[in-house]
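Let me begin by presenting the structure, written as structure tokens, before commenting on it.
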Amino acid sequence: MPEKLIFDKSYSGRRGVTLPTEGFADRPAEKYIPKAHLRHTPLALPEVSENELMRHYTRLSEENYGVDNGFYPLGSCTMKYNPKINEDVARLPGFAEIHPLQAEETVQGALALLYDLEQMLAEVSGMAAVSLQPVAGAQGEMVGMLIARAYHQASGRQRHTVLIPDSAHGTNPASAHLAGYTIQTVKSNQDGIIDLEDLARLVNEETAALMLTNPNTLGLFERQIGEAAKIVHDAGALLYFDGANMNALLGLTRPGDMGFDIVHFNLHKTFSTPHGGGGPGAGPVGVGPALIPYLPAPIVTKNKDGYRLDHKRPQSIGRVHGFYGNFGILVRAYTYIRRLGAPGLSAISKSTIINANYLKKRLGEDYAIPMNRPCMHEFILSAKKFRDKGIHAWDIAKRLIDYGFYPPTVNFPLIIEEALMIEAPESEAKETLDDFAEAMHQIRLEIDSDPELLKSAPQTRKVGRMNEVQAARKLNVRYATNTLKEKNENL
Ligand SMILES: *Cc1c(COP(=O)(O)O)cnc(C)c1O
């Protein structure tokens, strides 16, 4: 049975909390809230005891699956373990309770943290300066494209196209489009990396930028990045780095050293802040020296009197988010980086690369691996050969739920048919990877022995196979009656 809605547990007159009623005679609400905003009828809230409320939400939380429950091999998303010290630090009253409108001299500690985080990210990526304002990777991409626009405009030549490989994440073309660019797709070659001939053919004086993910979404390092950078720069265009896979590079190499001009980070992926379900995240943007004037304003500066926000940036693309961005996420990422230090950061990348290659080797015994060469932090399986049995990548993914694992990313990148994209973060122990490989092995046997089992998976959960298109388009979390909701709508 699905958990009933809290509204459906409501019993008229039941209370979880009782507030004092005496002593408010001289403090009517009208005194504090403009009349137009006062409610005329009480809000139809669910009426439940504290006990029922607690059980309701505790049970719901137990329905959830997260990195604290088990392995979460969701490729590209980097669902690594989020150390709890990040949470402790983000909850320190000095961080959690400051007001975004407080005067600068009263939030020097917060500004110092932001300043230091900018410096650390610049160091890790090899860029000259970083803005922490964007609140998602996708927003970072859009900021990057707006910076490219501002840069080309300032050089007196507007350019109209952005080149993006066919293996790219869907946010890349979406962001470039939002920034006003036309997208041209660059092919991947048979090794799964960017086809330099196709790149050279497409680049011209209309090209504003090439957006590249390295390692790319197949988990493969773009070995010809030096040549690609030269082709792009020789045409006067910029090279944009999608940093979602930065967890494979920490302390090993840097986008700045590879020739990238603009970089976005996904702090929520690489630097372990809780994500999934849509956020909150942080997508800082780093740039090379020539692009610093265009970064979003304000930026944090430091002088002998302390830290301040510099709003006077005439060439800036402007503000892209309120206040300091998602400050709590920035505190978590800062804590993670400071706790690990430089050796810890490079250990992350080495371990995730070893984890992914180990798992790839094990799963390669049962599943096809297109472009099979040493991978970085993730790799792709293809379930294409099971199609004649009526089995698709998502059937394998759904069956994994019955085995107690979160499913990997499926059908992405688009260039691999029936793709299963598996990421093995450094925080996973070998035993966990072995359990996962064993589950995948059992599923491989089931594909031959009982394919119907996969097609109707998951069977062990309260909610079975959903119509995913409908679930995404017609969001209805209400299983039961709508009476209280209707009441609210009538108020
Ligand atoms: C996650 C991801 C993005 C988008 O980042 P968000 O923070 O989810 O907006 C872009 N590119 C790649 C390769 C990604 O994995």
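We count ligands from 1, going down the list as the structure has it; atoms in each ligand are counted the same way.
- Protein heavy atom nearest atom 11 (N) of ligand 1, with residue, atom name and distance: Asp242 OD2, 2.6 Å.
- With Tyr181 as the aromatic partner, Arg149 meets the cation-pi criteria of under 6.0 angstrom to the ring centre and within 45 degrees of the ring axis.
- Asn82 and Glu87 are not linked by any side-chain donor-acceptor pair at a separation below 3.5 angstrom, with hydrogens and angles left out of the test.
- Contact annotation: for Ser76 versus ligand 1, heavy atoms closer than 4.0 Å belong to both the backbone and the side chain.
- Of the N or O atoms in Ala136, none lie within a sub-3.5 Å distance of an N or O in ligand 1.
- Protein heavy atom at the shortest distance from atom 9 (O) of ligand 1 is Ala138 N, 2.8 Å.
- At the top of the distance list for atom 6 (P) of ligand 1, counting protein heavy atoms only, stands Gly137 N, 3.5 Å.
- At a 4.0 Å cut-off, not a single heavy atom of Gln139 sits close enough to ligand 1 to count as contact.
- In terms of protein heavy atoms, atom 4 (C) of ligand 1 is closest to Thr171 OG1, 3.7 Å.
- The distance between the ring centers of Phe386 and His392 does not fall below 6.0 angstrom.
- Considering backbone and side-chain N/O atoms, Asn266 comes within less than 3.5 Å of an N/O atom of ligand 1.
- For ligand 1, the atoms closer than 4.0 angstrom to any heavy atom of Ala244 are 2 (C), 11 (N), 12 (C), 13 (C), 14 (C), 15 (O).
- Judged by distance alone, the side chains of Asn355 and Lys430 never bring a donor and an acceptor atom under 3.5 Å apart.
- Between Ala383 and Leu420, the shortest heavy-atom contact is CB-CD1, 4.4 Å.
- Distances from atom 8 (O) of ligand 1 to the heavy atoms of Glu141, His275, His264, Lys269 show the closest one on Lys269.
- Taking a 4.0 Å cut-off on heavy atoms, His268 registers as neighbouring ligand 1.
- Using a 3.5 Å distance cut-off with no hydrogens or angles, the side chains of Asp434 and Tyr358 do pair a donor with an acceptor.
- Ile194 pairs with exactly one of Asn216, Leu210, Thr213 by the side chain to side chain contact (heavy atoms under 4.5 Å, CB included) rule, that one being Leu210.
- In this pair, His264 and Tyr240 present their aromatic rings tilted. The plane angle is within the 30 to 60° band.
- No N or O atom of Cys77 sits closer than 3.5 Å to an N or O atom of ligand 1.
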